[in-house]
Amino acid sequence: MYTKEGKMKAVFAFYLSCLLSFSYALSSNKIGINYGRLGDNLPSPYQSIELLTSMKVGHVKLYDANPEVLKLLSGTNLHVSIMVPNEQISAIASNQTQADQWVDQNVLAYYPTTKIRFILVGNEVFSSNDLKLWLDLVPAMKNIKTSLTGHNVHNIKVGTPLAMDVLESTFPPSSGKFRSDIPIQVILSLMKFLNGTKSFFFIDAYTYFAWSDNPTNISLDSALLKDGNVTYVDTESGLNYTNLLDQMLDSVHFAMRKLGFDNVRIAISETGWPHAGDIDQSGANAYNAETYIRNLVRKVTSYPPIGTPAKPGIEIPTFIFSLYDENQKPGAGTERHWGLLNNNGRPIYEVDLTGASPVNNDTHLTESINNNKPYKGKIWCVVASDASLAALEPALDFACQQGNGTCDELAPGKGCYEPVSVVDHASYAFSSYWAKFRSDGASCYFNGLAVQTITDPSKSWIMPIPKCVDLKMVLWILLLES
């Protein structure tokens with residue numbers, strides 16, 4: 001799509017001018033953006049760097065150490081975070097030579113003209129069940145740091161981004177503590193490393209997920225950082241909270257304090273709000289996304305720094321997730337709708353990344369379009385209209401191979417065997433699979449081959465479908481019990 005550079009220049013220049021609404025002057029370098037590239041329709045790396053520069057962000061975080069991107073970042077004022085993939089951690093942990101080679105190839109080849117400032121070892125390592133990976137994490141971080149020191153590089157910090165599930169308890173914030181299934185020597189070793197190198201505890205903090213998992217007991221205003229509308233007092237600490245993000249961050253602060261590491265600073269490696277999602281994903285809309293990002297930026301760019309109730313006045317480096325919508329990310333619909341920009345580089349909603357907008361500056365979108373209430377109707381999971389027939393067959397096989405009677409009715413002689421076609425059988429299999437495994441995290445996606453619909457396919461489907469589809473529970477899911 002972006003190979004015809006000459007043809008695209010005029011259009012791209014127009015979109016760059018649109019992006020000036022993001023920011024005219026950057027009073028702080030605390031705001032960063034995650035630049036993920038899991039999409040087949042994204043602007044080129046060159047165009048992406050141009051977009052980031054026009055948005056006047058201070059930092060960009062990569063999920064690898066891509067040579068093309070790192071070369072293009074050379075000479076820019078962007079501070080760069082690169083990442084060691086999870087699958088390379090054990091090799092680097094076991095051998096200093098491996099660490100030296102990684103640093104040579106991915107850091108020294110571009111530094112200092114590319115302003116690499118963070119090396120993040122792994123991504124949400126403790127969210128996996130790989131004990132060996134847990135044990136290898138800090139040794140890998142130490143080897144990377146040793147290699148940097150050996151080359152007299154002292155302005156690159158080494159860290160690791162963790163999800164909120166690293167904590168066993170998060171509410172109230174004063175109860176925060178690390179998970180008991182993670183060996184204590186691993187946590188202590190990590191904390192000693194971060195403290196000794198004056199690095200940050202990187203945390204992925206999403207108020208959206210906390211709110212959407214418990215919308216009855218968590219205020220949406222609190223999740224959107226609408227300070228002042230809701231107040232919570234932690235009776236143990238006596239601290240007063242006006243937004244959910246502060247509660248989440250302070251639960252990490254208290255967890256570290258209990259281990260004797262009160263001086264390790266926090267950085268937010270990922271945070272954001274989805275602007276769209278599946279029908280059953282409440283609150284995923286552009287109004288909320290714009291509101292959250294505007295309030296977040298205002299909070300973390302404030303001067304003097306605001307910090308949190310437990311750590312007032314402390315700056316919190318923050319990376320917004322994400323630059324683009326990434327259409328190849330698997331999972332529920334929100335996974336593909338976190339971007340500030342769409343795939344032509346144009347803003348999805350207006351955001352001032354300087355935090356300079358007046359406090360009373362309302363979002364440019366209307367709240368009437370939101371979907372903040374849980375959807376209580378029926379939803380069907382059907383084959384997408386643009387699904388590739390060649391890709392449907394392996395997806396059908398996958399759904400049927402999961403067991404639990406998912407495709408029993410598709411056997412010869414059974415009620416849904418006829419008509420015999422990949423599309424018809426896939427529609428049944430997708431719905432059956434989703435009905436049986438949704439509670440375990442399954443989604444109606446199938447690599448883009450399936451979509452949700454609130455329209456009964458037995459009444460509107462262009463192609464013939466099995467007669468049994470509209471008679472069985474597998475075609476719909478009642479999302480919330482009345």
Side-chain angles (χ1 to χ4, degrees), residues 34-40 42 45 60-71 73 80-111 114 116-148 156-166 179 181-183 185-187 189-190 193-194 197 199-204 267 269-270 319 321-324 326-331 335-336 338 394 398 441 443 445 447:
N34 285 275
Y35 174 25
R37 298 184 296 117
L38 289 178
D40 60 7
L42 301 180
V60 59
K61 175 168 159 274
L62 310 179
Y63 289 87
D64 52 21
N66 181 271
E68 181 183 7
V69 175
L70 289 175
K71 287 178 183 177
L73 285 165
V80 183
S81 298
I82 60 176
M83 186 173 287
V84 177
N86 287 3
E87 58 270 20
Q88 295 182 23
I89 289 176
S90 293
I92 290 173
S94 65
N95 191 314
Q96 183 62 51
T97 300
Q98 291 277 353
D100 294 341
Q101 290 177 352
W102 195 94
V103 169
D104 285 342
Q105 295 170 6
N106 299 289
V107 180
L108 301 180
Y110 312 101
Y111 175 88
T114 296
I116 300 171
R117 292 296 180 265
F118 294 111
I119 298 175
L120 302 179
V121 180
N123 192 34
E124 300 186 344
V125 167
F126 297 129
S127 298
S128 74
N129 294 318
D130 189 338
L131 179 58
K132 186 178 188 315
L133 190 63
W134 298 359
L135 297 173
D136 288 340
L137 175 60
V138 178
M141 295 171 70
K142 289 179 177 179
N143 284 350
I144 292 290
K145 184 63 176 177
T146 296
S147 184
L148 292 172
I156 297 179
K157 300 291 187 183
V158 179
T160 185
L162 302 174
M164 285 298 298
D165 66 4
V166 70
R179 286 197 341 245
D181 64 308
I182 304 174
Q185 68 266 28
V186 172
I187 294 295
S189 180
L190 174 61
F193 175 85
L194 298 178
T197 61
S199 189
F200 293 86
F201 189 104
F202 286 89
I203 189 73
D204 296 349
S269 41
E270 289 183 12
F319 292 86
F321 188 85
S322 60
L323 181 60
Y324 298 121
E326 298 172 73
N327 69 344
Q328 291 183 318
K329 292 194 71 175
E335 289 297 313
R336 294 171 290 283
W338 293 87
F398 167 81
S443 63
Y445 180 59
N447 292 325

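Although no hydrogens or angles enter the test, the distance criterion places a donor-acceptor pair under 3.5 Å between the side chain of Glu326 and the main chain of Leu38. No side-chain donor-acceptor contact under 3.5 Å links Asp136 to the backbone of Ala93. For Ser199 (side chain) and Lys157 (main-chain N/O), no donor-acceptor pair under 3.5 Å exists by modelled atom type. Proximity of a side-chain donor or acceptor of Gln96 to a complementary backbone N or O of Asn143 within less than 3.5 Å is detected.
Identified under the ring-ring contact (aromatic ring centres under 6.0 Å, His included) test for residues 87-110, with sequence neighbours left out: none.
No side-chain heavy atom of Met141 sits under 4.5 Å from any side-chain heavy atom of Thr197. Residues Met83 and Asn123 form a side-chain contact, since some pair of their non-hydrogen atoms from C-beta on lies under 4.5 Å apart. With a 4.5 Å cut-off on side-chain heavy atoms, Ile203 and Met164 count as touching. Looking at heavy atoms from C-beta onward, Asp64 lies out of side-chain contact with Ile82 at the 4.5 angstrom threshold. Contact of the Val158 side chain with the Phe118 side chain is not registered, since no non-hydrogen atoms from C-beta on lie closer than 4.5 Å.
Atom CG of Leu62 and atom CZ of Arg37 lie 7.5 Å apart (nearest 0.5 Å). How far CG of Leu194 is from OG of Ser189: 9.5 Å, rounded to the nearest 0.5 Å. How far OG of Ser81 is from CG of Leu120: 5.0 Å, rounded to the nearest 0.5 Å. One distance of note links CG of Leu137 with NZ of Lys132; it measures 12.0 Å at 0.5 Å rounding. We find the CG-CG distance between Asn86 and Leu133 to be 5.5 Å, quoted to the nearest 0.5 Å.
In this structure, Tyr63 has its ring center at least 6.0 angstrom away from the ring center of Tyr35.
Closest heavy-atom contact between Leu70 and Thr114: O-OG1, 2.7 Å. Of all non-hydrogen atoms in Lys61 and Asn34, the two that sit nearest each other are NZ-OD1, 2.6 Å. Between Ala140 and Val121, the closest heavy-atom pair is CB-CG1, 4.1 Å. Nearest heavy atom pair, residue Thr160 against residue Gly122, reads OG1-O, 4.2 Å. Between Trp134 and Ile182, the shortest heavy-atom distance links the atoms CZ3-CA, 3.9 Å. Nearest heavy-atom pair across Pro45 and Val69 is CB-CG2, 4.0 Å.
Judged purely by distance below 3.5 Å, without hydrogens or angles, the side chains of Asp40 and Asn327 pair a donor atom with an acceptor atom.
Between Phe202 and Phe319, the angle of the ring planes lies from 30° to 60°, which puts this pair in the tilted group.
In terms of the salt bridge (charged side-chain N to carboxylate O under 4.0 Å, His left out) criterion, Glu124 has no residue partners (sequence neighbours excluded).
Note that Arg336 lies in the cation-pi zone of Tyr445, set by a 6.0 Å cut-off to the ring centre and a 45° limit from the axis.
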What do the steps show when you test Leu73 against Ile116 for side-chain contact (heavy atoms from CB on, under 4.5 Å), and what is the final call? CA-CA 9 Å; Leu73 285 165; Ile116 300 171; over 6 Å; no
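When each of Thr146, Ile92, Val84, Ile144 is tested with Val103 by the rule side-chain contact (heavy atoms from CB on, under 4.5 Å), just one qualifies, namely Ile144. Put simply, the residue from Asp100, Val107, Ile119, Thr97 that forms a side-chain contact (heavy atoms from CB on, under 4.5 Å) with Ser147 is Asp100.
More than 12 heavy atoms of other residues, nucleotides or ligands sit less than 6.0 Å from atom NZ of Lys329.
In summary, Arg179 and Asp181 engage in a salt bridge, as defined by a charged side-chain N under 4.0 Å from a carboxylate O.
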